Amino acid sequence: MKRVPEEHSITAVPATRRTFLGLLGKGLAAFAMFPAAASIIRTLAPGNAAGSATAQVAKTTVTQRTNAAGGVLLKNGSVVDGTGAKPYPGSLLIKDGKISKIFREGEEARFAGSAIDCTGKVIAPGFIDAHSHMDRYLPYTQGESLKSRFTAQGITTFIGGNCGYGPGGYRRNSAHMERIGTRSKEYYSITWSSMAEYFASLGRTGMSHNLASFVGHGTTRTSIRGFDASPLRPDEMKEMLELLDEGMDQGALGVSLGLQYEPGIFAPREELTEIARLVKKKNKVLAVHLRAYSALSPGFPMSVAKILIDKFTPFQGYTPHNILAIDEMLDIARETGVRLQLSHLIFVGKQTFKNYGEALERIDEAIRQGVDVKLDTYPYHCGQSHINVVLPPWFLAKVPGAYDDKKMLSKLESELGSIQTFLGFGYDDIQITYANNEELNRYNGMFLGEIAKARGMDWFPSTMDIARRSGGLAEVLNHRYTNLEIVEALMRHQASLFMTDSLPTLKGVQNPASTGAFPLFLQYARDKKLISLEEAVYKMSGASVERFGLKDRGLLREGLAADVTVFDWNTVKDNNTIVKTSEIPSGIDAVFINGRMVMERGEVDGTVQAGVVCA
């Protein structure tokens, strides 16, 4: 891709041919004044069959001249506009942070600026990460390496505040801010309470990317009463709903729930329904990390007898817990009419793989019934979380005392052992990426079984020790979250949006989605012919525009913000492996955020602060 600063005249049709076509066009126009002749012309027009209801007229060469100074022209590429429409050859002019003009093949652009030759490349909207946690990292002014990896895969906008963890919407002067700030304290101190104050802080420090964000139920609830597992009092419920309401008024996309994390794991159905009613009233989105993503989950009661019936007989001994979790939120959506977003739909453990068809049928049936439900997905077999995600609510409700209660530990060991035996997911599938403890960080990158062996301990006491000493915040990469068949089914699904769900780290092992998710989506779409190029781009741009109501970006249209990604459809590729998970992808050539080039010829300039708040 060559960038050439000069005055340009970009024309797809040679001048001699253009002159001929112009004269021919004038002759045909005169000839067409006679009704019979006009009928003949329409009949002979390319692509038109006699009697067709949609007659097409032969294209006319249009010459467009502009004397505007400056700008960058992305010339002679294949334009994929993010709507799902077919690609077309053209050029795109970026000026003053906007898409100034899109030139179709045959139009002429004359301007004084610079041009980038995009021959053989795709010109697409900047990719939108539909489920992100980068709201946590954007305030960190020294975190270029954390953010640049997302630019390298073409991402320009994050949808943050997911899984119940919101960046604002807190009780002012909360006594629980230390707990809320645990996940960000190594990067910065939280000096704000409301969503508006968070957004204003980003405006002062600058942003590498654009951000739209949810307000988080979990963090708002924590700011009121910590991780107390007992039901909210009426005054607490009122305060929580008011804070969530205020957050949405200040620009939040809606509310996110994290029902496998404290304190969301303690929230009863009635609490969730009230939140859904509020979000519906605001015509916003309710994004949900479900109570379960596996056939057996600590979030639901378990019966050994029913598990054995299911395992060793042809009868279904119980409804898989992930299906119950989907049903719970679909029922709430039916009852309240809220727009529902199912976060990172995954199927954890080999025994869960077999029910993905049933889960998707549940979702499809709800859509047929008029429920507004979408889902988001990533293309990997592994996903990121914290070690406490495997612990049940009855245990977490008694932490930290539960770690010293022999009776509770014995019960927990039995439950986790059953899950490991009958689910096909256990300690050999959980990789510590960052132990969040100085002494334990030596085990970063190792699986729980490997760590236990290295420590000379059994897996259960070793795992409990890591959970305790990290405050439940040891970061993990859980494997066997899905398989390729499921990845492909979710990519093709009518309701799916593409995302990363990645938390980058300065220490430890990276989630491969931080650099490779969107290139891998494109790679699978191309090599496996799962979906077309235009549908893949739609699912990583225009679909999020529609879902979250973004107003001025995510599509290639004149007048919109110039968030643009240029890539090579033939060579784009994720370069991560099982052992190397922070590799930069191939085939992403240039990225613009609000008209500013942040990546050129595959090199990211992490110093550019081009992002804005999309509130």
Side-chain angles (χ1 to χ4, degrees), residues 128-144 146-147 150 155-224 239-258 261 263-264 275 278-279 282 284-287 289 502-504 548-553 593-594 609-615:
I128 299 173
D129 187 349
H131 180 103
S132 172
H133 293 279
M134 288 302 290
D135 55 285
R136 184 186 308 176
Y137 300 93
L138 288 179
Y140 181 41
T141 56
Q142 306 300 315
E144 290 178 13
L146 297 173
K147 306 164 192 174
F150 293 90
I155 293 171
T156 59
T157 300
F158 299 122
I159 305 298
N162 285 288
C163 298
Y165 298 117
Y170 314 142
R171 171 192 277 182
R172 197 165 297 280
N173 300 317
S174 169
H176 305 286
M177 286 307 298
E178 183 177 356
R179 187 179 288 277
I180 291 172
T182 300
R183 291 173 172 83
S184 57
K185 65 181 180 182
E186 66 177 305
Y187 304 120
Y188 56 86
S189 297
I190 297 176
T191 58
W192 56 83
S193 297
S194 68
M195 292 295 292
E197 290 167 348
Y198 168 74
F199 291 146
S201 177
L202 290 179
R204 289 190 297 270
T205 59
M207 302 166 61
S208 61
H209 295 72
N210 306 311
L211 175 72
S213 181
F214 290 96
V215 59
H217 160 254
T219 41
T220 296
R221 195 183 201 268
T222 299
S223 75
I224 295 171
E239 181 182 5
M240 182 185 72
L241 293 175
E242 288 174 348
L243 287 170
L244 296 175
D245 192 331
E246 179 185 68
M248 287 186 280
D249 285 344
Q250 292 175 353
L253 299 171
V255 175
S256 74
L257 305 175
Y261 301 120
I275 294 168
L278 172 64
V279 176
K282 294 290 185 180
K284 302 247 179 175
V285 177
L286 182 66
H289 177 126
S502 182
L503 294 89
F548 303 115
L550 304 183
K551 302 297 184 185
D552 62 342
R553 64 197 66 246
I593 298 179
N594 294 302
Q609 301 292 291
V612 298
V613 172
C614 307

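Just so it is clear, the structure is predicted and the values come from calculations on it, not from any experiment.
For the atom pair CG of Leu244 and CD of Glu246, the computed distance is 10.0 Å after rounding to the nearest 0.5 Å. In this structure, the separation between CE on Met177 and OG1 on Thr191 is 9.0 Å, given to the nearest 0.5 Å.
Applying the side chain to side chain contact (heavy atoms under 4.5 Å, CB included) criterion to Glu197, with sequence neighbours excluded, gives Arg172, Trp192, Ser193, Ser194. The ring-ring contact (aromatic ring centres under 6.0 Å, His included) check on Tyr140 picks up Tyr187, with sequence neighbours excluded.
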Decide side chain to side chain contact (heavy atoms under 4.5 Å, CB included) for Leu138 and Ser208; before the verdict, give the C-alpha distance in whole Å, the side-chain angles of both, and the deciding distance to 0.1 Å.
CA-CA 7 Å; Leu138 288 179; Ser208 61; 3.6 Å; yes
Between Arg171 and Glu239, is a side chain to side chain contact (heavy atoms under 4.5 Å, CB included) present by the stated rule, with each step listed?
CA-CA 8 Å; Arg171 171 192 277 182; Glu239 181 182 5; 2.7 Å; yes
Mind running side chain to side chain contact (heavy atoms under 4.5 Å, CB included) on Leu503 and Tyr137 for me, showing each step along the way?
CA-CA 9 Å; Leu503 294 89; Tyr137 300 93; 3.4 Å; yes
Please lay out, stage by stage, how Ile128 and Leu550 fare under the test side chain to side chain contact (heavy atoms under 4.5 Å, CB included).
CA-CA 10 Å; Ile128 299 173; Leu550 304 183; 3.9 Å; yes
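The closest donor-acceptor contact from the side chain of Asp135 to the backbone of Gly161 lies under 3.5 Å. Proximity of a side-chain donor or acceptor of Ser256 to a complementary backbone N or O of Ala287 within less than 3.5 Å is not detected. Judged by distance alone, with hydrogens and angles left aside, the side-chain atoms of Lys284 form a donor-acceptor pair with the main-chain N or O of Met248 at under 3.5 Å. In this structure, the side chain of Ser189 does not engage the main chain of Lys185 through any donor-acceptor pair within 3.5 Å. Between the side chain of Thr220 and the backbone N or O of His217 there is no donor-acceptor pair closer than 3.5 Å. Not one N or O on the side chain of Lys147 forms a donor-acceptor pair closer than 3.5 Å with the backbone of His209. Formation of a donor-acceptor pair under 3.5 Å by the Ser174 side chain with backbone atoms of Ser223 is found in this model.
Between Met240 and Ile275, some side-chain heavy-atom pair lies under the 4.5 Å cut-off. Contact of the Leu211 side chain with the Val613 side chain is not registered, since no non-hydrogen atoms from C-beta on lie closer than 4.5 Å. Considering only heavy atoms from C-beta on, Asp245 comes within 4.5 Å of Lys282 through its side chain. Between His131 and His133, some side-chain heavy-atom pair lies under the 4.5 Å cut-off. Two residues are said to be in side-chain contact when any heavy atoms from C-beta on lie closer than 4.5 Å; Tyr170 and Thr222 fail this criterion. Within the 4.5 Å cutoff, side-chain heavy atoms of Leu243 are placed close to those of Ile224. Between Thr205 and Pro139 the shortest side-chain heavy-atom distance does not fall below 4.5 Å. Residues Met195 and Asp249 form no side-chain contact, since every pair of their non-hydrogen atoms from C-beta on lies 4.5 Å or further apart.
Atom CD of Glu178 sits in a sparse spot, with 12 or fewer heavy atoms from other residues, nucleotides or ligands closer than 6.0 Å.
Scanning both residues, Phe214 and Gly254, for their nearest heavy atoms gives CD2-C, 3.4 Å. Contact record, Arg136 with Tyr165: NH2-CD1, 4.4 Å, taken as the closest heavy-atom pair. In terms of heavy-atom proximity, Ala196 sits nearest to Gln250 at N-OE1, 2.9 Å. Across Val279 and Leu286, no two heavy atoms sit closer than the pair CG1-N, 3.9 Å. Of all heavy-atom pairs between Ala610 and Asn594, the closest is O-ND2, 2.8 Å. The shortest non-hydrogen separation linking Ala212 to Cys614 is CB-O, 3.6 Å.
Each of Asp129, Val285, Leu253 was scored for a side-chain contact (heavy atoms from CB on, under 4.5 Å) with Ile159, with one residue passing: Leu253.
In this pair, Phe150 and Phe158 present their aromatic rings perpendicular. The plane angle is above 60°, beyond the 30 to 60° band.
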